[in-house]
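These notes are about the structure you will find just below.
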Amino acid sequence: AQKITQTQPGMFVQEKEAVTLDCTYDTSDQSYGLFWYKQPSSGEMIFLIYQGSYDEQNATEGRYSLNFQKARKSANLVISASQLGDSAMYFCAMREGLGNDMRFGAGTRLTVKP
Amino acid sequence: DAGVTQSPTHLIKTRGQQVTLRCSPISGHKSVSWYQQVLGQGPQFIFQYYEKEERGRGNFPDRFSARQFPNYSSELNVNALLLGDSALYLCASREQRGVSYEQYFGPGTRLTVT
């Protein structure tokens, strides 16, 4: 069964506007972590933001924030004030249980238009 | 501080051959994980090693093996290569096991099997 679902294969956003990338997850564990990574065309995975299942506040890191809705099992990434350099693949990922592995979604390709 | 390093950067092999990929984690990180990323998909978990022991294994055949050395560096071996093994192989490290620890990726090794 798919653990992480990203339903948007591609997204476009105008420079300086905000964009939301969707992510839903499936787990029966009480303890889990949710991560977002950015992958530019160079291939390297860049860590953006983390949200723990017990965290009561939504995580924020600079222009990145995570809209965590536990009951709906969603962990959407919000990028504010988009920049041309934000154009990349974005992956949502989850680690659960003992934390031995990390499962990734299929990714969303974000294109920022000038 | 140096990030996660991987070698080689690119590799071309023939079907049936064997390959060894190498990874050096961030200094102080004891956990190393390996992922396979086929073009157009999210990374798939292969192995996790912590303190030189295998702690997690993904759904990959026995042709895939790995090990971790006393200095926490790691090797991934793939035997009897198939065309379908062509992918970007990513190594990631983190300080400890557990759900919440951030994981940092290396630049990857791009393997092409002909």
Side-chain angles (χ1 to χ4, degrees), chain A residues 1-10 21 23 25 27-55 59 61 64 66 68 75 88-109, chain B residues 2-6 8-11 23 26 29-51 53-60 66 68 87-112:
Chain A
Q2 196 67 268
K3 289 272 189 174
I4 297 286
T5 303
Q6 294 180 254
T7 57
Q8 307 154 314
L21 306 183
C23 173
Y25 60 92
T27 181
S28 56
D29 284 338
Q30 295 300 308
S31 176
Y32 54 89
L34 297 158
F35 302 78
W36 277 91
Y37 285 86
K38 172 184 178 181
Q39 188 176 42
S41 56
S42 60
E44 187 166 356
M45 299 285 283
I46 301 168
F47 167 76
L48 295 178
I49 196 166
Y50 163 78
Q51 178 85 42
S53 59
Y54 294 118
D55 295 341
E61 290 285 349
Y64 304 108
L66 201 151
F68 181 46
M89 284 291 291
Y90 287 81
F91 291 96
C92 179
M94 177 175 67
R95 186 185 290 140
E96 57 188 335
L98 293 177
N100 290 332
D101 68 340
M102 179 177 277
R103 295 177 183 266
F104 286 79
T108 296
R109 180 171 297 281
Chain B
V4 178
T5 59
Q6 292 185 243
T9 306
H10 294 86
L11 205 50
C23 171
I26 291 172
H29 286 194
K30 299 180 180 179
S31 171
V32 170
S33 298
W34 287 95
Y35 295 83
Q36 179 196 65
Q37 186 177 20
V38 174
L39 194 63
Q41 298 181 16
Q44 298 291 317
F45 170 73
I46 310 176
F47 287 111
Q48 192 221 7
Y49 276 78
Y50 178 75
E51 292 284 16
E53 291 189 15
E54 181 184 305
R55 303 291 183 161
R57 172 186 282 256
N59 188 23
F60 280 81
Q68 187 177 34
L88 180 67
Y89 288 85
L90 295 163
C91 172
S93 77
R94 64 189 202 258
E95 285 186 57
Q96 300 281 348
R97 298 173 65 199
V99 165
S100 65
Y101 286 91
E102 296 166 16
Q103 181 166 258
Y104 297 91
F105 284 82
T109 294
R110 189 164 297 281
L111 172 65
T112 302

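Residue numbering restarts at 1 for every chain, and letters A, B, ... go by the order of the sequence lines.
Distance check: A:Phe104 CZ to B:Phe45 CZ gives 11.0 Å after rounding to the nearest 0.5 Å. Taking OH from A:Tyr50 and CD from B:Gln103, the interatomic distance works out to 12.5 Å, rounded to the nearest 0.5 Å. Rounding to the nearest 0.5 Å places OH of B:Tyr104 at 12.5 Å from CD of A:Glu44. In this structure, CZ in A:Phe91 is found 4.5 Å from CD in B:Gln37, a value given to the nearest 0.5 Å.
Using a 4.5 Å cut-off between heavy atoms, A:Gln39 contacts chain B through its side chain alone, with no backbone atom that close. Interface remark: B:Tyr35 contributes side-chain atoms only to the contact with chain A (heavy atom separation under 4.5 Å).
In this structure, B:Glu102 and A:Phe35 approach most closely via the heavy-atom pair CA-CE2, 4.2 Å.
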*Please test A:Met102 against B:Arg94 for side chain to side chain contact (heavy atoms under 4.5 Å, CB included), starting from the C-alpha separation and ending with a verdict.*
CA-CA 12 Å; A:Met102 179 177 277; B:Arg94 64 189 202 258; over 6 Å; no
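Among A:Met94, A:Arg109, A:Met45, the residue with the largest count of heavy-atom pairs under 4.5 Å with chain B is A:Met45. Of the listed residues (B:Gly42, B:Ala92, B:Gly56), the one with the most heavy-atom contacts under 4.5 Å to chain A is B:Gly42.
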